[in-house]
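Take a look at the structure set out below.
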Amino acid sequence: MSDLPLIQADRAVPPPASTTSTGGRRRRLRLLSRTDRVVITLMVLVPLLLVTGLVWLPAAATVLLSGTNWDGIGPINEIEFVGVRNYSDVVNIYPPFVPAIQHNLLWLAALFVVATPFGMFLAVLLDKELRGGRFYQTALYLPVVLSLALIGFVWQLLYSRDQGLINAVFGSSIDWYGDSSVNIWAVLIASGWRHVGYIMLLYLAGLKGVDPSLREAAAVDGASESRTFFRVVFPVLRPINIIVLVVTVIESLRAFDLVWVVNKGRNGLELISALVTQNVVGEASRIGFGSALATIMLIVSLVFITIYLATVMRENRE
Amino acid sequence: MSRPQSQAEYLARLVPPSVAGINRRSLLAGAAGTGALLGTGLLAGCGDDSGSASDSKNVSVGSNQSDPKPKDVIAKVMDGFKTSSGVEPAINTVDHNTYQENINNYLQGKPDDVFMWFAGYRMRFFAAKGLAGDISDVWGKLSGFSDAFKKASTGDDGKQYFVPSSYYPWAMFYRKSVWQQYGYQVPTTLDQLTALSTQMKKDGLTPIAFADKDGWPAMGTFDILNLRINGYQFHIDLMAGKEAWTSDKVKKVFDTWAGLLPLHQPDSLGRTWQEAAQSLQQKKSGMYMLGLFVGQQFSNEEQSDLDFFTFPEIDPSIGAKALDAPIDGYMMARKPKNKANAEKLLEYVGGKAAADITVKNDPATLVANTGADVSGYTALQKKAAELVGSATEVAQFLDRDTRPDFASTVIIPALQQFIKNPKDIGGLTSSIENQKKSIFTD
């Protein structure tokens, strides 16, 4: 940023309420007209209010409510605090909790180790401008356009035990969505199906932006195709890599739709997000208990957010 | 919890289940729906306030009958009310799932004067929380209800908070043609049921169709076994959190069920009730324990081929006279804007005229009022009404007889766990008991 005046002015602007602006006593102030100041104030205030009201306050309320046994009925001043009982219940007597943590981690690992590299691989292939590339590109990107709820339905047609395509074709009777030892993998395939297209598109955009002279130089130096990719192209894609990393983590943490569509996140498809919903939304209204689960999820997310922020900030400093 | 409550909803579920269950969207809709519910309440309020003279002519009704067919029936019932009383009812229809998921907020906000709900603990819970109006006076004017219905409409404090309108029993359904073909007889004891099932297996049928992907159908099996083994009062006490799940009585229910599981359709956790019902319809299964709405998976010509029997006796000292027959009906808001009209409306919907309109227009429901003209019933409806009429006690179904948070967050996963691994009954029941103690604290 070279907008030096703006930065200086920003520092110099007195609180808006106190100004009746007669044109400014100091010279630097004149760089900002009254309109400018109003606009800047609004631009700071409105997002600040939105973020506070829609993100921070609810987050704080969630943490507070996680210490209560509120059922969503009755005035707020009658809420009873139960300390850390919800947390000890979550850990000690709530059977779905441990599987949910495991499944969230599995989700992250599967997307990170399988789906993301595969999407990258497809992007590299498509970048070769092979014949019918457009067709493949469209076909692979199609799932990304669909909502996950619809994807759940599409795969249900394949997975249904009695009426599904897979069992009909192979004459098997595997209960893809009901058998808790296979359904998480069945759902991961459906989820990966979509994720691959997404990652592919991100990388494709990155690859198109790589300076061709870099590849030419590598080719002149006699580097092989894969060597060129890993030593020259991949490092150049660093910004894309960071975005993909973040997208993958976000996708795995917010995974919810698919399992909810399949069986509301029960019987082998437990995820923290689904458990929170089961407890908080609807008639059940175990708001305190659900908030404890949500807080645990918040803490898990914070770990990743911290890592991401640390990386980005280090980069900015460099 | 998403058991269909009406014919149109069953029909809506003929859409492949995963589409019908686009729940993220309905969640979002739910969030918006809270606003909408409150909004409709407010709007209704505005309408009432606009002229105090018209106050005496208005009453608002919150309806969860959002599907075309039952919506139409409700509209006709309300027209009947308008004609007979001169009061103009304003119906605020909300999508069924949204209605149910937001009932807490709805009742604490500005609910309609009269709203639709279910009998059982679900009703008593809101009555005890002071979110429903006492309508004992209306009950004084009602006639045509059996004691079982009155009991199901009564809150913990002995006052009435609910007017029943319709219900449907749970039983073992089968196809007459299949049974005739093989010469099967209706079993009246558990041993006979087991023997029949074994014979069905030999004949190449799946004895008992079974599905529990949605979590609630297995509750029906648990309920009926519990009612047959331990009786109605134990069911009520267990659901109220007064009995221990670790008791031998509960263990015996699971033990008996474990013995019957091999006779059930395998891999039930990936199957919806529609798919299980279709296996009965396609003559691949011999029987199916479900509510009367199972008929929705049968074509019109096949309806007359559908029959049922009540689940056989297990303990002769308990008998086989109790059953699940969930009741739907109406309640009054805690502070209705127009109490006189709300009571008038409740009296009407509980009366013979409203029941007659329902019988005429909705072939999938049994009406609660015995005074109704039920000559329009199909043979199956008649038999179902007789079955419930002869029942000594009528339970409301597990998730209507206990706290909703307990039913959905503890029992559903527990029953699915049991179906997956029927051997560890001790571990399962102690896990349920631990969670129950944490939930039933007030």
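Naming convention: chains lettered A, B, ... in sequence-line order (proteins, then strands); numbering from 1 in each chain.
- Interface remark: B:E433 contributes no atoms to any contact with chain A (heavy atom separation under 4.5 Å).
- Looking only at heavy-atom pairs under 4.5 Å with chain B, the residue among A:D89, A:L275, A:I174 that has the most is A:D89.
- No more than 12 heavy atoms of other residues, nucleotides or ligands shown are found within 6.0 angstrom of CH2 on A:W176.
- Note: A:Q163 CD to B:Q278 CD = 5.0 Å, rounded to the nearest 0.5 Å.
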Donor-acceptor pairs under 3.5 Å, side chain of residues 184-202 of chain A to any protein atom, not counting sequence neighbours: which ones?
{"from": "A:R194", "atom 1": "NE", "to": "A:L146", "atom 2": "O", "distance (Å)": "3.4"}
{"from": "A:H195", "atom 1": "NE2", "to": "A:T116", "atom 2": "OG1", "distance (Å)": "3.3"}

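- Counting only residues at least two apart or on different chains, the side chain to side chain donor-acceptor pair (under 3.5 Å) pairs with a member in residues 413-422 of chain B are A:S180-B:K420, A:N267-B:K420.
- The only option from A:R266, A:R286, A:Q278 that meets the side chain to side chain donor-acceptor pair (under 3.5 Å) definition with B:T409 turns out to be A:R286.
- Considering all non-hydrogen atoms of both residues, A:D71 and B:F125 come closest at OD2-CZ, 4.1 Å.
- In this structure, the portion of B:L131 lying under 4.5 Å from any heavy atom of chain A is its side chain and not its backbone.
- The 12-atom threshold is exceeded at OH of A:Y87, counting heavy atoms of other residues, nucleotides or ligands nearer than 6.0 Å.
- In the displayed structure, A:F97 atom CZ is contacted under 6.0 Å by more than 12 heavy atoms of other residues, nucleotides or ligands.
- Comparing A:N279, A:D179, A:N183 by how many heavy-atom pairs each has under 4.5 Å with chain B, the most go to A:N279.
- Across B:S438 and A:I93, no two heavy atoms sit closer than the pair CB-CD1, 3.9 Å.
- Summarising the geometry of B:K213 relative to A:V262, their closest heavy-atom pair is CE-O, 2.7 Å, with the distance given to 0.1 Å.
- Heavy atoms closer than 4.5 Å to chain A are found in the side chain of B:N104, but not in its backbone.
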Test log, rule side-chain contact (heavy atoms from CB on, under 4.5 Å), inputs B:K284 and A:D162: CA-CA 12 Å; B:K284 289 176 187 161; A:D162 301 339; over 6 Å; no
